[in-house]
Amino acid sequence: MSDIITVTLPDGSQKQTARGTTIADFVRESIGPGLAKAALFARVNGQDMDLARKLDEDVKLQIFTPKSPESLELIRHDAAHVVASAVQKLFPGTQVTIGPATEEGFYYDFFREKPFTPEDLEKIEAEANAELKRDMAFVRTEISMDEAVRLFEEKGEKFKVEIVKDIAAKGAKTLTLYTHGDWVDFCLGPHAPSTGKIGIIKILSSSGAYWRGDHRNPMLQRVYGTAFFDKKQLAEYLTRIEESKKRDHRKLGKELDLFHFHPYSPGSAFWTPKGTTLYTTLSNWMRQLTQNDGYVEIKTPLMFNKGLWETSGHWGKYKENMFLVLDSESGEHDFSLKPMNCPSHHLFYGFKKHSYRDLPLRYHTQDVLHRNEAAGSLGGLTRVRQFAQDDAHIYCTEAQITDEVRRFVKLLDHVYKAVGLTYAVKLSTRPEQRLGDDSLWDRAEGGLKAALESLGLEYELAPGDGAFYGPKIDFAVSDSIGRRWQLGTMQLDYLAPERFDLTYVGEDNAEHRPVVLHRAIFGSFERFTAILIEHFAGAFPAWLAPIQAVLVTVADRQNDYARKVRDSLRAKGYRVEFDERGLSMNAKIREAQLQKVPFTLVVGDNEVSGEGVSPRRYGGEDLKTMKVTDFEALLAKEAALP
RNA sequence: GCCCUGAUAGCUCAGUUGGCAGAGCGCAUCCUUGGUAAGGAUGAGGUCACCAGUUCAAUCCUGGUUCAGGGCUCCA
């Protein structure tokens, strides 16, 4: 065996070095001191590791610096360690548990009697940043599992001992420790060379969290924070948080007067006239789109006897989420408000005997649904107790799956594009525990894949994430400020047809089971409305805006004319208001801008004599004076449902 | 459901170390009739979330309840 090894860099170039050279030394000697200084961690043959590790064989090597996106995740994990050491220094007796990096930062869960106060968090932030200044090296060592158990038992870290024992039970022989200063934790790594590489740590908040995420376990105190390489990046991040607070749908819901909540009906919205317009516009839009796409709309009862839920399987574990209704004659709570439409659609399907010629059958329903969500999980319009879904169930033969999925994805694509949401597709396939044999899953997954591929859609595969009764496709949208929301779904269901004994008569005159496709594009109207409010920051396109245009007169003598224009536009179906309050023109224009109305129509003597209006778009663009009929033509274009 | 934090005018918020409650916006009335983001004056509007307790006195202190917000669990 030679004492020289070959290192292959990402650009394909190769360098020789002595066996046993550390990555840090190799980088400094063979690549350059600049990179050596900036380097944070390395990827060796696809595995991430510290720069202090030695190169023992021919490898492919990639070095990460603060410029690589992966590095933020690294320093946030580093920061979690630093925060944990700071907390234990400031609050002796606090036990440590785990602290991973998250998408935007990190958290660390501590066990202690008292929760952290805002002042505590300030102290933690100050101490953590002081530890960065001290620039302590992260030192990696390996010890045996027995030594590890002893180490953490001596420290009195019960939670750490529990994790170490779990890891040992999985067959690990050694444990990796990372030490900075005098604080030690076990960790797979890698870590940056030293704490000084983390630019700045910001503590964001604290909250309760269950040990190992199980609500039967003790409550821990979770500290949330984030880390960046410099102050500027942190400032940008904090600005982005501020931006998303500004467009919070709960805030805009008040400012734009769209909806209210009342303690007498927690989790159920009151929709104002403007909010109702928004809601019904979405509802009618979806109604029109589904009708044009071969769906039929039906309505089913809001309340059902438990018999239905026993058949569907919801009367067991799901029962606690249902609002039960007392039957005063029997004295029993054996009715429930429906929490979803599916079972009632299956009943509806069963009213008639179906031929293969009827399929696919597509039932669309926008009925009101109720789910008794846990009080602590309610929030704005995104999680409510009363809502409606843009729900539909498609009953088809297995051979029709691909066509139906294609048809659905095209519709979904149209809807998301119309509102400017981009989306990512995820296909979830057979889980361990599942219904049916492998050939059934081959056909089901194959049908979904074929549809996605024929549309040329990229998708992520999530093996094992499907429901036990069928695979599914999820659609996650990204809004205008880059936040992701899980919205659309296409779920195949092989179980419901069995439970409800659904059949159709085939060409062969024999009875067959159809497949059920559960699908939604908005998810729920409430949640979709919330997402759109935040996505548009309340400035809706004209077709969706509750008020499409506001008339503002220069002086009162134009009021009669303004009323006439308002009435003629309303007669054509447009949502137009005339602000008759005794305010100045400027104040009314300002108000219309704050209310984010797409068009403000200024009317003075010139407009009266010329049968015109002077529209100004939201944002300030002056469209100059035009005939009322020309403005109508403009509205006709922009206010049409996409 | 669990942990934490809150709740004062329609909205945004200030305030009282326990002694009859404040601003701006909005609303009403009047004056002003102004050409693209706030013209002016006057006025109305409160069970300080709710229920108990402590106190001569509670919006303020204590306990409970409800709701909201940030998380956890769960989820459209």
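The chains referred to below are lettered A, B, ... by the order of the sequence lines, with proteins before strands, and numbering in each begins at 1.
- Ranking rG1(B), rG35(B), rU33(B) by closeness to the Arg557(A) side chain, first place goes to rU33(B).
- The Ile589(A) side chain lies nearest to rU36(B) when the options are rU73(B), rU36(B), rG70(B).
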Show me the donor-acceptor pairs, under 3.5 Å and distance only, between side chains in residues 525-537 of chain A and residues at least two apart or in other chains.
| unit_1 | atom_1 | unit_2 | atom_2 | d |
| --- | --- | --- | --- | --- |
| Glu526(A) | OE1 | Ala388(A) | N | 3.1 |
| Glu526(A) | OE2 | Tyr279(A) | OH | 2.9 |
| Arg527(A) | NH1 | Gln486(A) | O | 2.8 |
| Arg527(A) | NH2 | Gln486(A) | O | 3.1 |
| Thr529(A) | OG1 | Phe525(A) | O | 2.5 |
| Glu534(A) | OE1 | Arg483(A) | NH1 | 3.1 |
| Glu534(A) | OE1 | Arg483(A) | NH2 | 3.2 |
| Glu534(A) | OE2 | His249(A) | N | 2.7 |
| Glu534(A) | OE2 | His249(A) | ND1 | 2.8 |
| His535(A) | ND1 | Ser480(A) | N | 2.9 |
| His535(A) | NE2 | Val419(A) | O | 2.8 |

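- Here rU29(B) presents its P atom at 13 Å from CD of Glu580(A), a figure rounded to the nearest Å.
- Across rU36(B), rG70(B), rA76(B), the shortest atom-to-atom separation from the side chain of Val384(A) is found for rA76(B).
- For the side chain to side chain contact (heavy atoms under 4.5 Å, CB included) test, residues two or more places apart in sequence or in another chain that qualify with Asp493(A) are Tyr469(A), Leu495(A), Ala496(A), Pro497(A), Val516(A), His518(A).
- Residue contacts for Gly376(A): at a heavy-atom cut-off of 4.0 Å it reaches a base atom on one of the strands shown.
- Dashed line: the shortest gap from a side-chain N or O of Lys254(A) to OP1 or OP2 of rU12(B) is under 4.0 Å.
- OP1 or OP2 of rA68(B) has not a single side-chain nitrogen or oxygen of Arg383(A) nearer than 4.0 Å.
- Between the base of rA76(B) and the side chain of Arg527(A) there is no donor-acceptor pair shorter than 3.5 Å.
- For Gln221(A), counting side-chain heavy atoms from C-beta on, the closest listed nucleotide (rC3(B), rC75(B), rG35(B)) is rC3(B).
- Stacking of the aromatic ring of Phe261(A) onto the base of rA68(B) is not found under the criterion of centres within 5.5 Å and planes under 30°.
- Closest to the side chain of Ser205(A), out of rG35(B), rU36(B), rG70(B), is rG70(B).
- Listed candidates were rC4(B), rA38(B), rC27(B). Nearest to the side chain of Ser584(A) is rA38(B).
- Ala374(A) comes within 4.0 angstrom of a nucleotide base, judged by non-hydrogen atoms across all strands.
- Salt-bridge formation is detected for the pair Lys299(A)/Asp367(A): a Lys NZ or Arg NE/NH1/NH2 atom is positioned less than 4.0 Å from an Asp or Glu carboxylate oxygen.
- Of the candidates rA68(B), rA76(B), rG71(B), the closest approach to any side-chain atom of Met219(A) belongs to rG71(B).
- Look at Arg617(A) and you won't find any side-chain N or O under 4.0 angstrom from OP1 or OP2 of rU36(B).
- Classification of the Trp285(A)-His414(A) ring pair by plane angle, with boundaries at 30° and 60°, yields tilted.
- Counting any heavy atom pair closer than 4.0 Å across all strands shown, Leu369(A) reaches no nucleic acid atom.
- Across the P atoms, rG35(B) and rC30(B) are found 24 Å apart, a figure rounded to whole Å.
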